[in-house]
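Every chain is numbered from 1, with letters handed out A, B, ... down the list of sequences.
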Number of protein chains: 2
Amino acid sequence: MRHKDIWNGLDKLAGHNGLSVSGLAKLAGLDPTAFNPSKRTAKDGRPRWPSTESVARALTAVGAGFDDFAALIEGKRGASAPLIGFAQAGNDGFFDDAGFPAGTGWDEVRFPGLGAERVYALEISGDSMEPVYRAGDRIVVSPDAQVRRGDRVVAKTVEGEVMAKLLGQKTDKTIELVSFNPDYPPRRFARGEVAWIARILWASQ
Amino acid sequence: MRHKDIWNGLDKLAGHNGLSVSGLAKLAGLDPTAFNPSKRTAKDGRPRWPSTESVARALTAVGAGFDDFAALIEGKRGASAPLIGFAQAGNDGFFDDAGFPAGTGWDEVRFPGLGAERVYALEISGDSMEPVYRAGDRIVVSPDAQVRRGDRVVAKTVEGEVMAKLLGQKTDKTIELVSFNPDYPPRRFARGEVAWIARILWASQ
DNA sequence: AAAAGAATAGGAATTTCAACCTATCACAAG
DNA sequence: CTTGTGATAGGTTGAAATTCCTATTCTTTT
């Protein structure tokens with residue numbers, strides 16, 4: 001990270017929120033001239049670096065996280081994407097001509113592997129889980145995540161069998177795992193037979 | 001980002017590189033006591049924030065990027081996750097006792113929204129797309145992606161209707177969109193009737 | 001057990017950042 | 001045309017971060 005990157009990131013942070021750098025500084029409760037281009041190098045040409053406190057206040061002012069700032073600096077897209085309800089997608093104003101999000105009303109959704117969870121992915125082979133999962137699909141699962149009835153999960157038995165199922169009834173002693181394919185009957189395991197259950201967070205399509 | 005986070009990040013940065021905070025400071029060419037716990041709050045209890053210059057020098061000293069630092073602060077895993085084939089998951093040696101990836105043989109899969117692609121997400125409402133998508137699921141779609149027959153896609157007609165379908169036969173003049181639910185017949189559109197088609201990359205589960 | 005090195009705590013001096021103030025410029029509203 | 005607002009440049013002052021220095025604690029080595 002270089003001196004230029006920090007200021008570039010602050011410029012982008014302001015721009016992405018429809019602000020000038022002075023507007024961003026004001027919003028953050030800082031001096032309006034704090035981020036002025038004229039304040040980025042000292043009179044003797046020495047580069048001036050803002051304190052992390054100033055950066056932190058600017059970030060909280062626009063509701064951005066530190067990861068968002070890193071994304072701006074590194075030129076990456078960031079860890080989130082716009083989100084709206086599927087039912088609203090037909091309304092006008094949500095998309096531009098190319099099919100990208102436009103206008104307001106979009107929420108943000110975070111992607112997997114970027115939260116606190118530890119996750120990994122499994123690649124599906126075979127058609128036993130059609131139509132939900134197809135060969136080549138990748139599912140992202142988190143053993144940390146809480147599992148509830150109805151969740152799609154990956155379970156491993158103490159015998160070593162790994163399967164993707166729908167979590168059915170959980171009692172004190174048994175766990176029911178329902179197949180995606182209704183032709184197969186649900187399977188019921190004693191608690192001790194199941195080594196672990198990991199929730200499926202995402203699936204490639 | 002809070003005061004605590006910055007120092008926590010520096011602690012982790014040092015720890016991940018087998019250094020103490022004073023060792024990290026020395027390596028960065030700073031005063032060995034620059035990151036001392038005793039220097040993190042002033043005598044009057046006021047929190048002390050390091051300058052971005054000090055952080056930048058610490059990062060370059062260990063060859064880390066700003067995104068790495070953000071990852072340490074946010075406790076994030078990064079932009080990729082381990083990947084193996086589902087068929088191999090039953091073999092021994094791929095998981096530890098807690099159900100996390102262990103040993104070798106794991107590939108890496110990158111997540112959406114982190115590369116050059118422009119993506120966004122849609123939240124599913126209603127049960128018309130069961131069992132593939134359920135209410136509350138979020139699908140991540142990319143209008144940039146190439147679509148092929150068999151892909152799950154979101155399409156918008158020029159009349160404004162948005163739908164998630166399976167891409168069927170594409171001819172020079174028509175596009176067939178197949179419902180996930182086999183009870184509904186496929187729909188056939190003229191090329192001009194379809195405003196855009198975006199491929200579904202991921203779906204939350 | 002003794003010695004050497006590293007890590008840390010505490011304080012003073014210095015450097016540097018941030019706030020404050022004023023002036024200029026650009027632009028929009030009346 | 002005048003007025004008002006926002007953005008920026010430049011300088012001064014006060015506050016805060018960094019360095020420098022010393023002492024103490026802890027670990028490792030001999």
By ring-ring contact (aromatic ring centres under 6.0 Å, His included) - contacts of B:Phe35 (at least two apart): none
Would you tabulate the side-chain donor-acceptor contacts of residues 20-27 of chain A under 3.5 Å, counting partners in other chains and residues two or more places apart, or write 'none'?
from: A:Ser20; atom 1: OG; to: A:Ser22; atom 2: OG; distance (Å): 3.2
from: A:Ser20; atom 1: OG; to: A:Gly23; atom 2: N; distance (Å): 3.1

Any donor-acceptor pair under 3.5 Å from B:Ser179 side chain to B:Asn181 backbone: no
Side-chain N or O of A:Arg46 closer than 4.0 Å to phosphate OP1/OP2 of C:dC17: yes
Could you list, one pair per line, each protein nitrogen or oxygen that sits under 3.5 Å from a nitrogen or oxygen of nucleotides 6-10 of chain C, together with the distance?
from: C:dA7; atom 1: OP1; to: B:Ser20; atom 2: OG; distance (Å): 2.9
from: C:dA7; atom 1: O5'; to: B:Ser20; atom 2: OG; distance (Å): 3.4
from: C:dA7; atom 1: O5'; to: B:Ser22; atom 2: OG; distance (Å): 3.3
from: C:dA9; atom 1: OP2; to: B:Ser38; atom 2: N; distance (Å): 3.0
from: C:dA9; atom 1: N7; to: B:Asn36; atom 2: ND2; distance (Å): 3.1

Side chain to side chain donor-acceptor pair (under 3.5 Å) involving A:Thr41 - partner list, sequence neighbours excluded: none
Residues which pass side chain to side chain donor-acceptor pair (under 3.5 Å) with A:Thr33, listed by chain and number, not counting sequence neighbours: A:Asp31, A:Lys39
Presence of salt bridge, B:Lys170 and B:Asp151, under 4.0 angstrom: no
Boundaries of the chain A footprint along DNA chain D (any atom under 4.0 Å from a heavy atom): D:dA7 to D:dG11
Salt bridge (Lys or Arg N to Asp or Glu O under 4.0 Å) against B:Arg191, all qualifying residues, sequence neighbours excluded: none
Pair listing, ring pair (Phe, Tyr, Trp, His ring centres under 6.0 Å) test, anchored in residues 37-73 of chain B, at least two apart: A:Phe66-B:Phe66, A:Phe66-B:Phe69, A:Phe69-B:Phe66, B:His3-B:Trp49
Nearest-Å distance for atom pair CD/C1', residues A:Glu53 and C:dT16: 15 Å
Relative orientation of the end axes in the helix from C:dA1-D:dT30 to C:dG30-D:dC1, expressed as an angle to the nearest 10° (five pairs per end): 40°
Pairs satisfying salt bridge (charged side-chain N to carboxylate O under 4.0 Å, His left out), at least one member in residues 44-54 of chain A, at least two apart: A:Asp44-A:Arg46
Spacing between A:Arg40 atom CZ and C:dC17 atom P, to the nearest angstrom: 14 Å
Base-contact (B) and sugar-phosphate-only (S) positions in nucleotides 23-29 of chain C, heavy-atom cut-off under 4.0 Å, - elsewhere: -------
Nucleotide C:dT16, atom P - distance to CZ of B:Arg48 in whole Å: 15 Å
Side-chain (A:Thr60) to main-chain (A:Ala56) donor-acceptor, under 3.5 angstrom: yes
Residues which pass salt bridge (Lys or Arg N to Asp or Glu O under 4.0 Å) with B:Arg187, listed by chain and number, not counting sequence neighbours: B:Glu161
Residue among A:Asp5, A:Asp68, A:Leu10 satisfying side chain to side chain contact (heavy atoms under 4.5 Å, CB included) with A:Ile73: A:Asp5
Distance, rounded to the nearest Å, where B:Asp31 contributes CG and C:dA12 contributes P: 16 Å
Heavy-atom donor-acceptor pair, B:Thr174 side chain to B:Ala190 backbone, under 3.5 Å: no
